[in-house]
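Presented below is the structure to which this report refers.
The model shown is predicted, which means the values in this text are computed figures rather than measured ones.
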Amino acid sequence: MKNMPSPTTATGTIYRYIFELLEKNPEGLRWVELNTLVEKEFPHFHPKTINGCVWKLIELFPDKVHKPKKGVFQLIKQ
């Protein structure tokens, strides 16, 4: 994926997993679901790191992710 952080970093790993989850759930995922799923997959990452990644998702990837309604993250159909 273009402009994706390096997979060797914690944030890069988290973002790659978030995009996998969003691809598997085209209807979108709520913020709490996204956080919970990432925390279960990567329990060794600090929860604030995970929360920060989800929080900045729209800001960092405005061409890939949008919020069709409050609290829901969804991939932009291309």
Side-chain angles (χ1 to χ4, degrees):
M1 218 175 232
K2 202 172 169 184
N3 298 327
M4 186 65 65
S6 170
T8 60
T9 66
T11 56
T13 301
I14 292 167
Y15 282 124
R16 287 181 186 279
Y17 188 62
I18 287 172
F19 279 101
E20 285 178 29
L21 291 171
L22 291 175
E23 284 177 15
K24 292 177 185 174
N25 296 278
E27 71 286 351
L29 288 169
R30 297 200 56 77
W31 177 88
V32 71
E33 294 171 306
L34 212 44
N35 259 356
T36 302
L37 290 168
V38 175
E39 285 178 2
K40 283 182 182 177
E41 183 70 18
F42 305 108
H44 56 285
F45 289 153
H46 196 284
K48 286 187 178 183
T49 302
I50 294 169
N51 181 52
C53 287
V54 176
W55 182 262
K56 291 206 168 254
L57 197 56
I58 301 295
E59 183 181 323
L60 294 176
F61 303 102
D63 58 329
K64 295 178 175 86
V65 181
H66 73 117
K67 290 172 80 173
K69 53 187 170 182
K70 186 176 179 181
V72 176
F73 295 88
Q74 186 179 48
L75 287 180
I76 294 173
K77 295 175 185 165
Q78 302 201 10

Step by step, would you call Phe73 with Asn25 a side-chain contact (heavy atoms from CB on, under 4.5 Å)?
-> CA-CA 10 Å; Phe73 295 88; Asn25 296 278; over 6 Å; no

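- Looking at heavy atoms from C-beta onward, Lys67 lies out of side-chain contact with Val72 at the 4.5 angstrom threshold.
- Between Tyr15 and Glu20 there is no side-chain heavy-atom pair separated by less than 4.5 Å.
- Within the 4.5 Å cutoff, the side chain of Ile76 has no heavy atoms near those of the Lys64 side chain.
- Here the CG-OG1 distance, from Leu60 to Thr11, works out to 9.0 Å after rounding to the nearest 0.5 Å.
- Leu21 and Val32 fall within a single hydrophobic cluster, where Ile, Leu, Val, Met, Phe, Trp and Tyr are joined by side-chain heavy atoms under 4.5 Å apart, directly or via other members.
- Among all heavy-atom pairs drawn from Arg30 and Lys70, the shortest one is NH1-O, 3.5 Å.
- Placement of Trp55 and Leu22 in two distinct hydrophobic clusters is found when ILVMFWY residues are connected by side-chain heavy-atom separations under 4.5 Å, directly or transitively.
- Distance check: Leu57 CG to Ile14 CD1 gives 11.5 Å after rounding to the nearest 0.5 Å.
- Between Leu75 and Glu23, some side-chain heavy-atom pair lies under the 4.5 Å cut-off.
- Between Gln74 and Pro26, the closest side-chain pair of non-hydrogen atoms is not below 4.5 Å.
- Checked by atom type and distance alone, the side chain of Thr49 never pairs as donor or acceptor with a backbone atom of Phe45 at under 3.5 Å.
- A distance-only check finds no donor-acceptor pair linking the side chain of Tyr17 to the backbone of Val38 [under 3.5 Å].
- One distance of note links CD1 of Ile18 with CD of Glu41; it measures 12.0 Å at 0.5 Å rounding.
- Contact check on Glu59 versus Lys56 returns a salt bridge, with a Lys/Arg side-chain nitrogen under 4.0 Å from an Asp/Glu carboxylate oxygen.
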